[in-house]
Amino acid sequence: MAATLVLHVGLDKTGTTAIQKFMTDNENLFASRGILYPQAGRSPSYSHHGIFAHLSNLSTTRRYGEPGTTWDSLLTTLDTEIEQKQPTTVIMSSEILGQGVDMKALKRLRDRFTAIAVILYLRRQDDYLASVYTQMVKSGGEYRHFAFASMPDADFLTICNSWAAFVGTGALYVRRYGKAYLEGGNLLSDFLKCAVGMDLTEDMIIDQRNHNPRLTNDALEFKRLVNLCCPLSISSHFISPLLSVSYEQDQSTDADFSNNSLLQPSARERIMARYQETNAAVGRKFLGIEDSSLFGLDAKGYAAVCPEYQGLTNARAMLITSRLIDHFSDGALMSRALSPRVSVAILKALDLCLNILPDLKSENRRNRDDGVRLRFSDRFILRGLAIKSHVSQMLPETN
């Protein structure tokens, strides 16, 4: 095919969803300019999970494959779409590409094009791992403290070398994620310039919403307490009201970039020290940076712009609790969203949480090894798990 393929390898926590949403919103405009963001393998989301899930090395991501399709059938569908629209450039994006895929099978896609480019964004490892942990607490059931050893590896050199071997070093575009590194401090502008050499224009649709708003550190610590005391079927209902409380207290939680983090400077220093040599190698090989720091600012300097979190106090926890009780006591609101038994379970969980909130004062101490405050003691965890068991018994079996 007389076209160039651009693969966006969407590493986690680098604004991948924003790029995919932007490409989807503007697909007709881009098509008029010879740029195709294919439908093949994309429905019903913004990403191309549907096609690359068939090549995933992880069983957990294969569920994203479109039902009733195969790698071969989707390649045929893609061929037909390209034949009909005759683009000069085809752009495809998926986080699955950043999690490991069958490169031999992917070569069949690459060989359909006259040229290929691969774009990937790298985020400071301490920021990346802090964001992963935050997501585990916010949207999952994580209540344990941050433990470096249990976090995913963030060796960027291995990732970059793998893709360089696939497309050649000259066709791999490694970008750094962060305002200081992006074209005009804007991710979409940076991506468009890198992918097709195009500037953002006024006729392009740009969704200003942040599709993954953040919790304040206090709200995040409160959610961690909720995770300890509630099953996931209950704790998930706390996300929306906690986000509302967070935005009221700090509107920067809705910004694209935020310094909210439970990590302490000591943890950041230890994380970045682990990757110092491999980061320096990435900088030399793929970005032409000769100094020792891929991201410019060392961990000690970064601590100045990412203040140390002092922990959740009883007073602030009680304030959050009162706001949540107001929210979940709104009968008109809850009757539309939740079953009566779930609503009762939520209020009961809040009531039980109130009983252990006074103990936060004794729990509020730094875990020096992993750099996070409020490492719950064994006694505190046992009390929380007992509440979780009690609340679980109040729920319908379907929950």
Side-chain angles (χ1 to χ4, degrees), residues 6-24 37 45-49 52 56 58 61 64 91-101 117-136 138-139 151-164 167 172-195 200 206-214 253-261 263 268 271-272 275 278-279 282-283 286-287 289 293-297 302 306:
V6 177
L7 287 180
H8 172 222
V9 178
L11 298 186
D12 289 337
K13 307 303 176 183
T14 58
T16 301
T17 301
I19 290 174
Q20 294 163 349
K21 180 69 163 55
F22 172 71
M23 294 303 301
T24 300
Y37 192 63
S45 70
Y46 308 129
S47 71
H48 290 99
H49 289 350
F52 295 119
S56 176
L58 301 175
T61 59
Y64 292 111
I91 299 177
M92 303 183 76
S93 172
S94 175
E95 287 89 322
I96 291 174
L97 290 169
Q99 298 168 0
V101 293
V118 169
I119 301 173
L120 59 85
Y121 286 87
L122 306 180
R123 182 172 180 173
R124 284 180 58 101
Q125 282 95 342
D126 54 344
D127 258 358
Y128 162 66
L129 294 177
S131 185
V132 169
Y133 175 70
T134 294
Q135 192 69 22
M136 291 165 62
K138 171 188 168 186
S139 300
M151 290 291 106
D153 190 18
D155 179 0
F156 295 148
L157 182 60
T158 298
I159 295 171
C160 292
N161 280 338
S162 175
W163 283 102
V167 298
L172 175 63
Y173 297 90
V174 176
R175 307 293 296 168
R176 289 170 290 180
Y177 181 79
K179 280 186 178 181
Y181 314 115
L182 300 172
E183 177 84 16
N186 183 286
L187 176 63
L188 301 180
S189 178
D190 191 272
F191 178 77
L192 203 56
K193 179 71 75 172
C194 185
L200 285 176
I206 300 178
D207 189 344
Q208 301 291 348
R209 294 173 299 167
N210 182 351
H211 292 275
N212 190 22
R214 298 163 180 82
T253 57
D254 200 42
D256 289 334
F257 301 97
S258 173
N259 292 329
N260 286 348
S261 172
L263 290 195
R268 291 184 176 277
I271 291 170
M272 296 310 292
Y275 295 108
T278 54
N279 279 355
V282 169
F286 299 102
L287 291 168
I289 300 172
S293 177
L294 174 62
F295 296 100
L297 194 64
Y302 192 76
C306 192

Looking at [atom1] of [X] and [atom2] of [Y], how far apart are the two atoms once the value is rounded to the nearest 0.5 Å?
X    : Y    : atom1 : atom2 : result
M272 : L294 : CE    : CG    : 7.5 Å
F22  : Y46  : CZ    : OH    : 14.0 Å
E183 : K193 : CD    : NZ    : 5.5 Å
F52  : L97  : CZ    : CG    : 4.5 Å
L11  : L120 : CG    : CG    : 5.5 Å
L287 : R175 : CG    : CZ    : 8.0 Å

Can you give me the closest heavy-atom contact between [X] and [Y], atom names plus distance?
X    : Y    : value
C160 : V282 : SG-CG1, 4.3 Å
Y37  : S47  : OH-CA, 4.1 Å
I206 : L200 : CD1-CD1, 4.1 Å
S56  : I96  : CB-CG2, 4.0 Å

Is there a side-chain contact between [X] and [Y], using heavy atoms and a 4.5 Å cut-off?
X    : Y    : answer
F295 : I289 : no
I91  : F191 : yes
P152 : D12  : no
L182 : Y121 : yes
K13  : Q135 : yes
N279 : F156 : yes
T61  : Q99  : yes
L7   : I119 : no

* To do: Take H8 and I19 through the side-chain contact (heavy atoms from CB on, under 4.5 Å) test and state the conclusion after the steps.
  => CA-CA 9 Å; H8 172 222; I19 290 174; 3.6 Å; yes
Looking only at atom types and distance, does a side-chain atom of [X] sit under 3.5 Å from a main-chain N or O of [Y], one as donor and one as acceptor?
X    : Y    : result
S162 : T158 : no
Y128 : T14  : no
Y275 : A154 : yes

* Partners meeting side chain to side chain donor-acceptor pair (under 3.5 Å) with Q20 (sequence neighbours left out) ->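 In terms of side chain to side chain donor-acceptor pair (under 3.5 Å), with neighbours along the sequence ignored, Q20 is linked to S93, E95.
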* For residues D127 and Y177, is any side-chain donor paired with an opposing acceptor at under 3.5 Å? ->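 There is no such pair (donor and acceptor under 3.5 Å, judged by atom type) between the side chains of D127 and Y177.
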* Asked: Does R176 have any salt bridge (Lys or Arg N to Asp or Glu O under 4.0 Å) partners at least two apart in sequence or in another chain, and if so, which?
  ->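 In terms of salt bridge (Lys or Arg N to Asp or Glu O under 4.0 Å), with neighbours along the sequence ignored, R176 is linked to no residue.
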